[in-house]
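Here the structure is a predicted model, which means the values were calculated and not measured. The analysis underlying the following values was restricted to heavy atoms, covering all of them including side chains, and did not include hydrogens, waters or symmetry mates.
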Amino acid sequence: MSTYKANLAIYNSLTGQKEKFTPLHDGFVGLYVCGPTVYSNVHLGNCRTFISFDVIYRYLTYLGYKVRYVRNITDVGHLVDDADQGEDKIAKKARLEKLEPMEIVQSYTVDFHKVLNQFNNIPPNIEPTATGHIIEQIEMVKAILDKGFAYESNGSVYFDVEKYNESHPYGELSGRKIEDLLSNTRDLDGQNEKRAPLDFALWKNASDEHLMKWPSPWGIGFPGWHLECSAMSTKYLGKQFDIHGGGMDLKFPHHECEIAQGTSANGESPVRYWMHGNMLTLNGKKMSKSTGNSILPEELFSGDNDFMEKAFDPMVVRFFMMQAHYRSTLDFTSEALLAAEKGYNKLMEALATLEKLEAKESSSVDVSSLVNSFYEAMSDDFNAPILVANLFEAVKFINSVKDNKATISKNDLALLQKEMNGFVTSVLGISAQQESSNDKLSPVMDLVLDLRQEARINKDWGTSDKIRDGLAAAGIVVKDGKDGSSWK
RNA sequence: GGUCUCUUGGCCGAGUGGCUAGGCAGUGGUCUGCAAAACCACCCACGGCGGUUCGAAUCCGCCAGAGACCUCCA
């Protein structure tokens with residue numbers, strides 16, 4: 001399917017247009033995605049971004065690219081709100097909970113991995129941490145200082161935005177003009193150390209009570225808020241690489257600063273294709289930890305939350321997300337999840353049916369163009385919802401074949417089985433729900449259904465229904481089909 | 001306040017100038033002892049007002065509503 005590899009189009013946030021994707025090195029893709037700050041549990045909105053990029057990573061791989069996927073863990077470096085004087089966010093939490101900073105980081109990193117694993121995300125190839133790359137960050141600060149785009153002030157180092165803007169367009173990614181930004185600045189910590197309000201910290205001096213700090217040429221301190229991604233992406237993917245992704249809310253200032261840092265340190269714009277996933281909304285508003293408008297994956301899987309009627313399987317949630325484009329906001333409601341659950345079940349049923357289909361002489365439907373439609377959807381800026389729609393076209397066809405209303409040839413059947421499974425399982429990353437199957441239960445159920453079948457043959461509906469109702473009470477659903485009964 | 005985005009049928013969501021996705025719900029049907037499930041068919045919407053065009057959900061303008069960013073945030 002090399003034509004689809006050749007025709008892959010990606011919406012580039014930098015240019016605001018869909019562009020034909022051409023990797024820097026033929027056959028290889030460098031992909032960097034901004035990871036989480038591990039000072040709390042990841043909420044569902046965070047997960048959406050990582051799931052979106054998981055699908056992007058999966059499709060690139062499916063097309064045959066060798067992808068190096070790097071996603072960082074931010075375990076230091078972000079400022080907290082105005083309540084504390086520029087104290088490190090993770091250090092603050094540590095004091096509150098009387099724990100070591102790295103203890104916090106460890107526990108939330110483990111949680112993060114667990115949750116993404118439940119969503120069936122593939123781990124990145126490299127998952128670097130900010131604290132593990134202090135040296136690289138210091139080196140980068142030095143490089144920016146050497147190039148004259150930063151200055152030292154009171155043990156801190158700041159990026160000189162106005163200086164940079166003289167030769168490079170600061171604000172090109174977010175569509176901002178430096179004049180507009182200047183007229184809208186707030187009073188923040190460290191303002192007096194800066195020459196200009198727009199300047200941002202590359203290295204920040206640390207006070208005595210600060211817990212996470214390292215020695216540097218400028219004194220004891222910690223790295224600036226945007227530096228880690230620049231340092232680590234450069235280290236593992238090069239001065240310039242193919243795709244950088246992250247949530248929409250990171251566009252400004254975070255990614256804007258990355259462009260400025262990378263460009264001034266390395267002499268070239270770091271990223272060729274910028275990709276931004278959109279937000280997940282709950283009750284029509286952005287899901288956000290700080291406003292309380294958020295839901296944890298665990299709460300969704302267990303049903304223990306105030307927003308949803310029932311519990312939802314991670315795979316159902318993932319499928320639900322696949323029905324919306326990654327660049328659109330997606331509203332999370334109980335009703336929508338319920339709908340997705342049924343659609344998911346229908347798709348999985350069809351996948352099972354596909355394995356049992358019998359081939360005939362010829363196909364009554366153009367299977368290869370059906371399969372091509374899968375590739376076309378995903379090659380058009382990873383349009384998963386179109387893919388899902390096309391997959392349901394295939395579902396309709398599969399069921400028709402099952403009902404002998406359509407036919408499929410041997411070759412087409414093999415093709416459809418390969419690609420249908422490929423797109424559902426490998427690309428979308430959707431698998432069957434983890435059945436709580438019990439080796440001992442299975443023969444017992446066979447026996448029970450056998451007894452019930454006997455009762456049915458004898459038209460003993462009382463017994464038959466008693467068994468069915470009893471099993472239902474135990475959470476087991478019995479379905480009577482043509483070829484006997486099944487349960488789950 | 002500044003910058004930007006969005007507004008699609010009962011619900012969720014694709015779609016950028018004519019051929020008008022898909023899922024769920026609903027209606028009808030097949031199947032079935034009944035039920036559930038499953039399957040099939042049907043259901044043709046684009047915030048309001050103007051404009052451009054032979055033709056607009058799709059382009060332009062105005063109005064209304066919603067949201068995002070501007071501050072840590074996926």
Could you identify the nucleotide paired to B:G18, looking across every strand shown and requiring Watson-Crick or G-U wobble geometry with both distances under 3.5 Å? B:C54
Test item: A:Val271 and A:Leu14 side chains (from C-beta on) under 4.5 Å apart, heavy atoms: no
Which nucleotide, if any, forms a Watson-Crick or G-U wobble pair with B:C11, using both distances under 3.5 Å? B:G23
side-chain N/O A:Lys396 vs B:C39 OP1/OP2, d < 4.0 Å: no
Between B:G15 atom P and A:Asp380 atom CG, what is the distance in whole Å? 8 Å
Could you tell me how far B:A41 sits from B:A25 if I compare only their P atoms? Round to whole Å. 16 Å
Taking the same atom, C1', in B:G55 and in B:C12, what whole-Å distance lies between them? 31 Å
Under a 3.5 Å cut-off for both contacts, is B:G47 paired Watson-Crick or G-U wobble with anything, and if yes, with which nucleotide? B:C63
Watson-Crick or G-U wobble partner for B:G1, using a 3.5 Å limit on both distances? B:C70
Whole Å only: how far is the CG atom of A:Leu198 from the P atom of B:U3? 16 Å
Mind checking the P distance from B:C54 to B:G48? Whole angstroms is fine. 24 Å
On the six-membered ring of A:Tyr158, is A:Arg195 placed so that its NZ or CZ lies under 6.0 angstrom from the centre and within 45° of the ring axis? no
Looking at every strand, decide which applies to A:Ser328 at a 4.0 Å heavy-atom threshold: base, sugar-phosphate, or nothing. sugar-phosphate
Nucleotide of B:C73, B:G33, B:A14 approaching A:Arg452 most closely (side-chain heavy atoms): B:G33
Expected list for residues 170-177 of chain A: side-chain donor-acceptor pairs under 3.5 angstrom, two or more places apart:
{"residue": "A:Ser174", "atom": "OG", "partner": "A:Arg176", "partner atom": "NE", "Å": "3.3"}
{"residue": "A:Ser174", "atom": "OG", "partner": "A:Glu256", "partner atom": "OE1", "Å": "2.6"}

Base, sugar-phosphate alone, or nothing: which one does A:His43 contact when heavy atoms must sit under 4.0 Å apart? base
Which value, in whole Å, describes the distance between the P atoms of nucleotides B:C62 and B:U3? 13 Å
Using the C1' atoms only, state how far B:G18 lies from B:U58, rounded to an integer number of Å. 11 Å
A:Leu250 or A:Glu349, whichever maps to the more 5' nucleotide of RNA chain B: A:Glu349
Taking CD1 from A:Ile398 and P from B:C40, how many angstroms apart are they, rounded to a whole number? 11 Å
Kindly compute the distance separating OH (A:Tyr273) from OG1 (A:Thr15), expressed to the nearest 0.5 Å. 9.0 Å
Across the strands shown, which category fits A:Phe320 at heavy-atom distances under 4.0 angstrom: base, sugar-phosphate, nothing? sugar-phosphate
Starting from P on B:C6, measure out to CZ on A:Arg327 and report it in whole angstrom. 10 Å
So, is A:Asn383 close to the B:G15 phosphate, meaning a side-chain N or O under 4.0 Å from OP1 or OP2? yes
Just checking A:Lys251: base, sugar-phosphate only, or nothing, at a heavy-atom cut-off of under 4.0 Å? nothing
Report yes if at least one side-chain N or O of A:Lys346 is closer than 4.0 Å to OP1 or OP2 of B:G22; otherwise report no. no
With a non-hydrogen cut-off below 4.0 angstrom, is A:Gly246 in contact with a base, only sugar-phosphate, or nothing? sugar-phosphate
When rounded to whole Å, the CG to P distance for the pair A:Asn278 and B:C69 reads 10 Å
Listed nucleotide nearest any side-chain atom of A:Ser288, set B:C73, B:A21, B:G23: B:C73
A:Asp465 near the nucleic acid: base, sugar-phosphate alone, or nothing, with a heavy-atom cut-off under 4.0 Å? base
With heavy atoms under 4.0 Å as the rule, sort A:Glu393 into base, sugar-phosphate or nothing. sugar-phosphate
Heavy atoms of A:Asn120 and A:Asp54 approach each other most closely as O-OD2, 3.8 Å
Within residues 330-338 of chain A, those residues having any heavy atom closer than 4.0 Å to RNA chain B are A:Leu330, A:Asp331, A:Glu335, A:Ala336
Spacing of the P atoms in B:G15 and B:A21 (rounded, Å): 13 Å
Nearest-nucleotide wise, let me know which of A:Pro253 and A:Phe392 is further upstream toward the 5' end of RNA chain B. A:Phe392
What distance do A:Asn12 atom CG and A:His244 atom NE2 have between them, rounded to the nearest 0.5 Å? 12.5 Å
I need the NE2-P distance between A:His255 and B:C70, as an integer number of Å. 13 Å
Do A:Asn399 and A:Glu349 get their side chains close enough for a donor-acceptor pair, meaning under 3.5 Å? no
Pull out every protein N or O sitting under 3.5 Å from an N or O of nucleotides 64-67 of chain B, one pair per line with the distance.
{"residue": "B:G67", "atom": "OP1", "partner": "A:Lys285", "partner atom": "NZ", "Å": "3.4"}

Aromatic rings A:Tyr59 and A:Phe423: how do their planes relate, parallel, tilted or perpendicular, breaks at 30° and 60°? tilted
Does A:Arg71 count as lying over the ring of A:Tyr32, i.e. NZ or CZ under 6.0 Å from the six-ring centre, within 45 degrees of the axis? no
If I pick the C1' atom on B:A56 and the same atom on B:C19, what distance separates them, to the nearest angstrom? 15 Å
Picking from B:C34, B:C24, B:C39, which would you name as closest to the side chain of A:Asn399? B:C39
Suppose you measure atom P in B:G28 against the same atom in B:A36; what distance do you get, rounded to whole Å? 14 Å
Separation of atom CE in A:Met279 from atom P in B:C69, rounded to whole Å: 7 Å
Once you measure the plane-to-plane angle for A:His226 and A:Phe200, does it fall in the parallel (<30°), tilted (30-60°) or perpendicular (>60°) bin? perpendicular
Strictly distance-based, threshold 3.5 Å: is any side-chain N or O of A:Asn72 a donor or acceptor partner for the main-chain N or O of A:Pro128? no
For A:Lys356 and B:C39, give me the distance from atom NZ to atom P, rounded to whole Å. 13 Å
Please answer whether the main-chain N or O of A:Phe312 pairs with a side-chain N or O of A:Glu341 as donor and acceptor at a distance below 3.5 Å. no
Residue A:Lys402, side-chain heavy atoms: nucleotide from B:A38, B:A14, B:G33 that is nearest: B:A38
Testing B:G2, B:G33, B:C72 for proximity to the side chain of A:Arg456, the answer is B:G33
Look through every strand shown and name the nucleotide pairing with B:C39 as Watson-Crick or G-U wobble, where both distances are under 3.5 Å. B:G29
So, does the side chain of A:Arg468 form a donor-acceptor pair with the base of B:A35 at under 3.5 Å? yes
Tested for ring pair (Phe, Tyr, Trp, His ring centres under 6.0 Å) against A:Phe112, the lone hit among A:Phe119, A:Tyr39, A:Phe50 is A:Phe50
